[in-house]
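Working notes, structure below.
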Amino acid sequence: MRLTGIVLFMTLLAFAVLCSIAFGTADIPLRHVIGSFTGYSGTQEQLIIRTARVPRALIAASVGACLAVAGALMQVIARNPIASPSTFGVNAGAAFFAVIGAGLLGFESMQAQTWMALAGAGISGLIVFVMGSMGKDGMTPVKITLAGASIAAFFASVTQGYMLTSGKMFDQVLVWLVGSVAGREMNALTAVLPYMGIGMLLALVLSRHLNVLAMGDDIAQGLGQSTARMKGAAALSIILLAGASVAAAGPVAFVGIIVPHVARRIAGSDYRWMIPYCAVLGALLLVTADLGSRYIAMPKEVPVGVMTAVIGVPFFVYIARSGRVTR
Amino acid sequence: MSRYRSLRMDRPRLSFLLERRTTWVLVILALLCAAMMIVSTGIGSLYVSPLEVIRSIAGKGTAAHEVIVNKLRLPRIVIAVLVGASLAVAGAILQGLVRNPLASPDVTGITEGASLGAVLFLFLLGGSVPISWMPVSAIGGAFAVTALLYLLSWRGGVSPLRLVLIGTGLSAAFKSLSYMLIISGPLILTVKSLTFMTGSIYGVSWEKDVYTLLPWVAALLPLAWFQARHVNIQALGDEVAGSAGAHVQRSRLILLLLSVALAGAAIAIGGAISFIGLMAPHMARKLVGSSFGGLLPASALIGAIILLTADLAARTAFSPLDIPAGVFTAAIGAPFFLYMLYRHRNS
């Protein structure tokens, strides 16, 4: 049942990726689309397909998958259904470090940018996590949410302040700050793919242990699990996944909240299934949202981060109202 | 001699209970604020001594100094005081309402709503409607967000936790909508909107800014003070407040509206200056305790002092660059917030 489901969603994902390659602002007939793979001759249409549409679809798919899995992991270790890279300020930290890296330190290679983003994700995530879990009652939803929101506000305002005083790079950076997969080249993906791969692999390996961890620290320890080591490994995976995603596409919001919620509804709470479902559904969500973002304000494009934020708010509100947070 | 001093009025029937200590703290804070205003007015590319500043304000200085002090520098100083005070009081009320010392207009989406209102104005009406109407749009944005926030967190009453959670969600969504508008527009508007979203009181004038904000602050601050007793009782929790005879939900709405109006008006002029609404009430609470009769005026004065200091740093630290003051309030505010979180780790 779950296997059929995931095969079905993978087929849907493949279809969505194909649609994302075939449709867009430039109207390209289908035979040119196919032609650019079978008989490449370097016409303008084929160039658009190969250098713009294919990287874009693949980046959307990988970023969506990574953010969704990062969100799912965060929700386990925080035991909090509204945990996600965007609400915990991880994305904002990664974005700030990347902007500083490009502007102040003059890093130009995608590789260096990725490291900056990873460092930013790690630092801000750590601050929020430690600050949100201090005290006798441990990590409460209010504490962690406020810590995340404040760290996000801090990094956003310092990033904006830096951009205003340096007075350059408004265009690229702003689009990137909302989260966008448009106009990226293939090397943006190849640079971050190793980190994404390791993070994803780690998440899949961990998924069996997450089932135990989700029962709570006391039970997990009673069953012989080293919860601290498990949480450390999960945190490493989150930083790799979220940092690499931000380096490739900017801080795309809410994917990490929407997708795990949906995946849990479909696949149940067994993490061995939920993690793969998150990956596939996350990829599907971002590819579809990106496809939609080309048509909403045609011929202009809406950054995909705006799309996910608009889709995400109802989810967020629903989860916050459902009472699962306050339990 | 009693620790307390009470102020009573027959008509309207009002009373305030002030600790003697509080009175003194308020007087000292007011003096500090005034001194800061005068010194800060004197500092700039041309230094004017504090005495000369006072003389110029009184109209007895040299002509050159009078122009510099009264025309160029004083509006900015006055705006810093008004904006800082309003944001601080808005934050103090909000923290009392949410019963969480870590809440502020920044994290509940009110700031982002006001920003979106202002950015919308710049992009959609900027060409046709005079810029002096931008505050209306910002305040409108703040109220629209609050209405949405209230509606979405209502489930047989508004619980503080839902208010915070949903607020952060809305905040993120509005921020990305503002960014989207900014990206799609011309560069000149980009700089303007980004400056607004960071918060800056650069280049304000008497006519355009001070006279727009002053009536709001003059009306809302006293009103907030009169409503303060409702915050006191709300702080006891819904059940206790209800059984003590308070209309919990009704006064919660009134207080929220007051807080939003203050924050909206301040943001409309100064932009989204962050963290003042969080810091000032805390410092005030340390000095005068948590009874709102003394807390609100103390917060207002401290908020004014913080913004005066931040703005002074913003225009002198990297001179001749004039950095948005919001960057400095965020730079002080975030470590402060983390410290607060540490202090309140058990509450």
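Order of the sequence lines fixes the chain letters, A, B, ..., with proteins taken first and strands second; residue numbering starts at 1 for each chain.
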Under 4.5 Å from any heavy atom of chain B - which part of [X]:
| X | result |
| --- | --- |
| A/Ile257 | neither |
| A/Val306 | both |
| A/Phe315 | neither |

Heavy-atom closest contact ([X] atom, [Y] atom, distance):
| X | Y | value |
| --- | --- | --- |
| A/Val302 | B/Met180 | CG1-SD, 3.4 Å |
| A/Ala147 | B/Phe337 | CA-CE2, 3.6 Å |
| A/Val178 | B/Tyr179 | CG2-CB, 3.6 Å |
| B/Ala330 | A/Ser157 | CB-OG, 3.0 Å |
| B/Leu165 | A/Ala320 | CB-CB, 4.0 Å |
| A/Arg321 | B/Ile166 | CG-CD1, 4.0 Å |

Original post:
Does B/Phe336 CZ have over 12 foreign heavy atoms under 6.0 Å away?
Top reply: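 Yes.
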Subject >> B/Val327 and A/Tyr162, any side-chain heavy atoms less than 4.5 Å apart >> reply: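 A side-chain contact is absent here, since even the closest heavy-atom pair is not under 4.5 Å.
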**OP:** Give, as side chain, backbone, both or neither, the part of B/Phe174 having an atom under 4.5 angstrom from any heavy atom of chain A.
**Re:** neither
Original post:
Run the side chain to side chain contact (heavy atoms under 4.5 Å, CB included) check on A/Phe154 and B/Ser274 step by step: do they pass?
Top reply: CA-CA 8 Å; A/Phe154 168 70; B/Ser274 54; over 6 Å; no
Original post:
Which is it for A/Val310 and B/Leu177 under the side chain to side chain contact (heavy atoms under 4.5 Å, CB included) test, yes or no, and what are the steps along the way?
Top reply: CA-CA 8 Å; A/Val310 172; B/Leu177 284 177; 4.2 Å; yes
Subject >> Option that, when pairs with chain A are counted at under 4.5 Å, heavy atom only, ranks first among B/Thr168, B/Ile323, B/Leu152 >> reply: B/Leu152
**OP:** Using a cut-off of under 4.5 Å on heavy-atom pairs, state which of B/Ala331, B/Ala334, B/Gly169 scores highest against chain A.
**Re:**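 Looking at each of B/Ala331, B/Ala334, B/Gly169 in turn, B/Gly169 comes out on top.
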Original post:
So how far is it from B/Ile182 CD1 to A/Gln160 CD, rounded to the nearest 0.5 Å?
Top reply: 7.5 Å
